[in-house]
Protein chains: 2
Amino acid sequence: MNKKRELLISTALELFYENGVNSIGINEILKISGVAKRTLYSHFESKNILVLAALRQRHETFIAWLEEQLSDTKSDQEVIKQLFNALGNWFDNKEPRLGNFRGCFFINTAAEFSDKGSDISRYCSEHKEEVRLLIQKKLTSDHPHLLDAICIMKEGAITTAYVTGRGSDVTSKCIKVLCAL
Amino acid sequence: MNKKRELLISTALELFYENGVNSIGINEILKISGVAKRTLYSHFESKNILVLAALRQRHETFIAWLEEQLSDTKSDQEVIKQLFNALGNWFDNKEPRLGNFRGCFFINTAAEFSDKGSDISRYCSEHKEEVRLLIQKKLTSDHPHLLDAICIMKEGAITTAYVTGRGSDVTSKCIKVLCAL
DNA sequence: TAGTGTGTAGACAAATCGGTCTACTTTGTA
DNA sequence: TACAAAGTAGACCGATTTGTCTACACACTA
């Protein structure tokens with residue numbers, strides 16, 4: 001049930017992530033998904049609500065993917081290695097579930113919405129917090145700054161890989177630095 | 001001379017950085033700067049050319065600011081401390097030359113322009129490369145990954161500070177981690 | 001004095017934006 | 001079979017987008 005609704009969300013997510021939210025109009029989502037405009041507005045009361053739904057879908061996909069990547073870690077060093085190797089695969093488009101790499105959808109979207117109090121900006125922030133909690137759950141040592149260091153380098157790796165286009169060796173450097181702590 | 005041209009660039013930069021490039025129309029820049037549309041198009045042949053000019057001005061301001069922050073460093077540890085303390089001041093809006101903190105203008109703009117071959121995307125990438133070269137120039141040790149670690153954590157600190165809004169203690173953690181290398 | 005920049009104000013064009021609405025069709029179920 | 005829900009196509013709305021164009025004013029210089 002609600003097949004049209006899901007089709008709209010997945011089409012919107014794909015186009016938003018690929019091109020940026022403000023560069024994609026409602027009409028293009030409708031044309032590509034083949035859904036009628038009336039149907040869209042019966043499911044989502046505005047474009048921003050659809051953006052939120054796309055963010056939610058991306059969040060669930062990303063969390064599930066990350067949890068899987070970190071499922072069998074037996075030490076903090078393994079967490080670091082598997083996390084950044086997984087990110088490296090993402091940067092190199094070897095993770096089809098995450099789509100063609102174009103940076104972090106939440107960072108990109110937050111950059112387009114300047115009002116920090118908006119639902120969209122707040123959701124982007126919450127996503128980062130949940131990813132942090134997931135990584136924290138996997139860590140065992142009580143190293144005071146390890147979690148922060150991992151999260152900061154993760155954000156740095158994603159943006160560096162996207163903006164400079166040279167993501168292949170960024171993650172291996174993160175692993176070396178973090179494992180030296 | 002060319003006072004109008006400079007006024008247009010600084011107004012555009014301010015509005016673009018504050019709101020995102022795609023959220024600001026030409027007409028708003030004209031209204032706020034008080035310049036006529038004809039004048040704008042006699043100086044810039046399109047909006048994208050104006051965006052490029054704004055990126056260039058931001059680049060020069062940022063490089064000059066950063067060079068000043070790192071002017072009297074006597075060791076790599078001092079480079080790390082002064083760099084991230086300066087970033088922390090920026091995040092806390094204590095650096096008026098850089099304007100109200102809303103993340104990195106180049107990351108934000110790259111997020112809005114999906115075509116990686118465009119002049120705008122390439123300029124954003126080049127800016128990051130030049131900042132990297134500036135930091136490299138200040139470092140003296142031959143630590144194999146120090147430069148990379150600093151640059152990755154710098155990007156991570158900027159995006160973390162912007163997206164999560166909690167930038168105050170991010171930089172101090174960067175300093176601790178990097179000085180432990 | 002006459003001519004040439006460079007500026008202004010703002011109408012205008014063509015496209016697109018998000019969003020509403022009418023009129024009709026399909027589909028699932030009681 | 002009959003009815004209600006949910007879908008379709010697409011015209012339409014007002015606002016906004018980038019960019020062009022006309023008509024005119026001012027200032028500097030030959």
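FYI, side chains are in, hydrogens and waters are out, and symmetry mates aren't considered; it's all heavy atoms of this structure. Here is the naming used below: chain letters follow the sequence lines, and residue numbers restart at 1 for every chain.
Computed from coordinates, the L8(B) CG to dT18(D) P distance equals 14 Å when rounded to whole Å. Residue F44(A) contributes atom CZ, which lies 15 Å from atom C1' of dA6(D) at whole-angstrom precision. Atom CG in N27(B) sits about 16 Å away from atom P in dC12(C), given to the nearest Å. Per the geometry, CD belonging to E45(A) stands 10 Å off P belonging to dG19(C), to the nearest Å. A straight line from CG of L50(B) to P of dT17(D) spans 14 Å, rounded to a whole angstrom. When rounded to the nearest whole Å, the span between CZ of R5(B) and P of dG7(C) equals 11 Å. Regarding E28(B), its CD atom lies at a distance of 17 Å from the P atom of dA15(D), rounded to whole Å. If you measure from atom CG of L7(B) to atom C1' of dG7(C), you get 13 Å, rounded to the nearest angstrom.
Checking dT18(D), dT20(C), dG7(D) against every side-chain atom of K47(B), the shortest atom distance belongs to dT18(D). Residue Y41(A) places its side chain closer to dT20(C) than to any other of dC17(C), dT20(C), dT17(D).
Closest heavy-atom contact between G20(A) and R102(A): N-NH2, 3.6 Å. Minimum interatomic distance between L70(A) and V79(A) (heavy atoms only, all atoms of both residues): CD2-O, 3.9 Å. Closest heavy-atom contact between A110(A) and V163(B): CB-CG2, 4.3 Å. When all heavy atoms are compared, the tightest approach of C151(B) to I135(B) is SG-CD1, 4.4 Å.
In summary, K137(B) and E67(B) engage in a salt bridge, as defined by a charged side-chain N under 4.0 Å from a carboxylate O.
dG7(C) shows a glycosidic angle more than 90° from 0 and is accordingly assigned anti.
The partner of dG5(C) cannot be assigned: no Watson-Crick or G-U wobble pair with both contacts below 3.5 Å exists in any strand.
Relative orientation of the H143(B) and H145(B) rings is perpendicular, given thresholds of 30° and 60° on the angle between their planes.
Contacts between residues 9-25 of chain A and DNA chain D, defined by a heavy-atom separation below 4.0 Å, involve no residue at all. At a non-hydrogen distance threshold of 4.0 Å, K37(B), R38(B) from residues 29-40 of chain B come into contact with DNA chain D.
Each of F105(A), W90(A), F106(A) was evaluated against F62(A); a single residue qualifies, W90(A), per the ring-ring contact (aromatic ring centres under 6.0 Å, His included) test.
For dG7(C), one of the phosphate oxygens OP1 or OP2 lies less than 4.0 angstrom from a side-chain nitrogen or oxygen of H43(B). Between K4(A) and the phosphate of dG7(D), there is no side-chain N or O to OP1/OP2 separation shorter than 4.0 Å.
Contact annotation: the side chain of M153(B) approaches that of F84(B) to within less than 4.5 Å [non-hydrogen atoms, C-beta and beyond].
Taken together through direct or relayed side-chain contacts under 4.5 Å among Ile, Leu, Val, Met, Phe, Trp and Tyr, L66(A) and L133(A) form parts of separate hydrophobic clusters.
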